[in-house]
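Only this structure's heavy atoms are used, side chains among them; waters, hydrogens and symmetry mates stay out. Ligands are counted one by one from 1 in listed order, and the atoms in each one are counted from 1 as well.
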Amino acid sequence: MSTVVIVGTQWGDEGKGKITDYLAREADFVVRYQGGSNAGHTVVVDGDEYRLHLIPSGILYEDKTCVIGNGVVVEPGVLCAELDYLHGKKRRIGSLRISDCAHLVMPYHRCLDEIAEESRGADKIGTTGRGIGPAYMDKAARVGLRVGDLLDPEGFRRQLQRNLERVNPLLQKMYNRPGFDPDELAAEYLGYAEQLRPYIADTSLVIDEAIRQGKNVLFEGAQGTLLDNDHGTYPFVTSSHPVAGGACIGAGVGPTKIDKVIGVAKAYTSRVGDGPFPTELFDDVGAWIREQGQEYGTTTGRPRRCGWLDAVILRYAARLSGLSGLAVTRLDTLSGLPTLKICTGYLYKGERLTEFPHRLEVLRECQPVYEEMPGWQEDISHLNSYEALPETAKRYLQRIVELVGVPIALISIGRERAQTIGLEDAF
Ligand code: IMO
Ligand code: MG
């Protein structure tokens, strides 16, 4: 029996979907525990690309059970469309369970997300516009509607009516926008209920039974450590907890039941959305990495900001999530660069910092301290063992291990399942 949590160690888009899909071979259950359709997980199987936002990346195996945990915020329209999209592909897919405690993203959440961004002006967060923040706000304010409420039409209508009595005047009077019609919204959402009903379950119980039966359970994080609501670059963060502890809350599993935590780290750094990013490159190298790695958002299509690998961030992620192993992705993207740089610390007002600072006004002024290393010119995307990698690539990886203090469990050298080098058994 084994349970493994997969977390993003940077600002999201580290390749968690690909790593989850790869490790899911050995898993029986794959569980999403936080975030919502702000996530964009791309998985390539037999040359076909699948883009998933809500359904766990394990769904592409027909013998797996995928779970959307209570910590996820679910926009049912997106979920139904994703199910239709998967059913429309020829591939047979796994089964799905959705927590009755997961909160629903409502159309007014999207609207409020947009309004909040507009009102922030130049300080905008650069959210994905999927209503994630406002949905989690309603959850914390104890007025949210949950997946389980879809099964009680009367109760659903009552709570929706109450919410719109609060939200509509805000939209209409404060922001000069149309309000939402409670009957129309209820009809739309209760329509989704018909499609989703067979999947709704007490998923904490489902996962607990699986663990008791000795099954392998994979917890698939969305976003990344620096987007964590508590530990990230606040306020330029998301509204959930992508760190490993989030898996316990968001799936309803006790911490003693987690065996391993794999941190997914890109071999460089990228960020989509606003906020400080010390190793960001504004030169040709940054643009080169963006084109080479096709760094454009899966959810919003925005170009991602790119920069050198930052070991300060990875050490921070290792501490916050208790990482037991690293999965280094996109190593192939760096092929062709004559020199590589790794940030080992920051210079702040002449002082050397080795730990990630929490205060943004400090982080904004941090200058990265780099260590330079020779790159490699060879195409490495077809290699199938660590030994076959160029010496310079091995040295780059070894340096990461030394700086972060966590062993490498996996290396990804391409988008396909087969383009993965496993260094230890994950389960
Ligand atoms: P995956 O799972 C990268 C970023 C947004 C914005 C901030 C807040 O694919 O790694 P939100 O819509 O969540 O309120 O936006 O978080 N963000 C992501 N960046 N990958 C993601 O997910 C992200 N999900 C949210 O760009 O900066
Ligand atoms: Mg993504």
Side-chain angles (χ1 to χ4, degrees), residues 6-21 30 32-44 49-57 68 71-73 75 78 82 103 105 109-118 120 123-140 219-243 246-247 250 263-266 269-277 280 293-306 313 317 327 329-330 360 415:
I6 294 174
V7 296
T9 57
Q10 295 153 327
W11 277 287
D13 300 324
E14 298 92 350
K16 298 175 293 292
K18 139 108 200 217
I19 298 300
T20 302
D21 173 73
V30 184
R32 269 281 305 269
Y33 57 86
Q34 45 70 232
S37 58
N38 50 350
H41 296 173
T42 308
V43 181
V44 180
E49 185 180 281
Y50 298 83
R51 290 173 173 222
L52 301 167
H53 298 285
L54 274 170
I55 299 180
S57 302
I68 296 179
V72 176
V73 286
E75 187 171 353
V78 172
E82 210 160 286
H103 277 248
V105 178
H109 291 139
R110 274 193 187 237
C111 195
L112 292 167
D113 192 359
E114 197 187 306
I115 288 170
E117 281 288 85
E118 275 170 18
R120 286 184 196 109
D123 296 326
K124 72 174 177 16
I125 295 169
T127 72
T128 58
R130 297 296 191 269
I132 303 301
Y136 279 113
M137 280 165 71
D138 275 3
K139 172 176 174 172
F219 297 90
E220 177 185 14
Q223 288 81 52
T225 302
L226 293 182
L227 291 172
D228 187 277
N229 197 224
D230 277 76
H231 304 287
T233 45
Y234 192 89
F236 298 96
V237 294
T238 193
S239 301
S240 67
H241 297 287
V243 297
V264 185
K266 247 180 205 170
T269 312
S270 76
R271 174 164 205 178
V272 61
D274 297 270
F277 173 1
E280 181 167 13
Q294 276 306 296
E295 290 290 356
Y296 294 89
T298 310
T299 302
T300 56
R302 291 178 290 179
R304 296 182 185 138
R305 302 154 64 193
C306 296
I313 287 175
T329 61
R330 302 286 191 126
L360 278 202
R415 288 147 54 87

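Sorting the N, O or S atoms of Asp13 by how far they are from the Mg ion (ligand 2) puts OD1 first.
Scanning for ring-ring contact (aromatic ring centres under 6.0 Å, His included) contacts around Phe277 gives Trp11, with sequence neighbours left out. In this view, Glu118 and Arg177 satisfy the side-chain hydrogen bond (donor to acceptor under 3.5 Å, both in side chains) rule, not counting sequence neighbours. In terms of the side-chain hydrogen bond (donor to acceptor under 3.5 Å, both in side chains) criterion, Glu82 has no residue partners (sequence neighbours excluded).
At a 4.0 Å heavy-atom cut-off, the residues surrounding ligand 1 are Trp11, Gly12, Asp13, Lys16, Asn38, Ala39, Gly40, His41, Ile125, Gly126, Thr127, Thr128, Ala222, Gln223, Leu227, Val237, Thr238, Val272, Gly273, Arg302, listed by chain and number.
Look at Glu114 and Arg130 and you find no salt bridge, because none of the NZ, NE, NH1 or NH2 atoms lies under 4.0 Å from a carboxylate O. Classification of Glu280 and Arg305 as a salt-bridged pair holds, one side-chain N sitting under 4.0 Å from a carboxylate O.
Note that CD of Glu117 is 12.5 Å distant from CG of Leu112, once rounded to the nearest 0.5 Å.
Ser57 pairs with exactly one of Lys16, Lys18, Glu220 by the side chain to side chain contact (heavy atoms under 4.5 Å, CB included) rule, that one being Glu220.
At a threshold of 2.8 Å, the Mg ion (ligand 2) has a backbone or side-chain N, O or S atom of Gly40 nearer than that distance.
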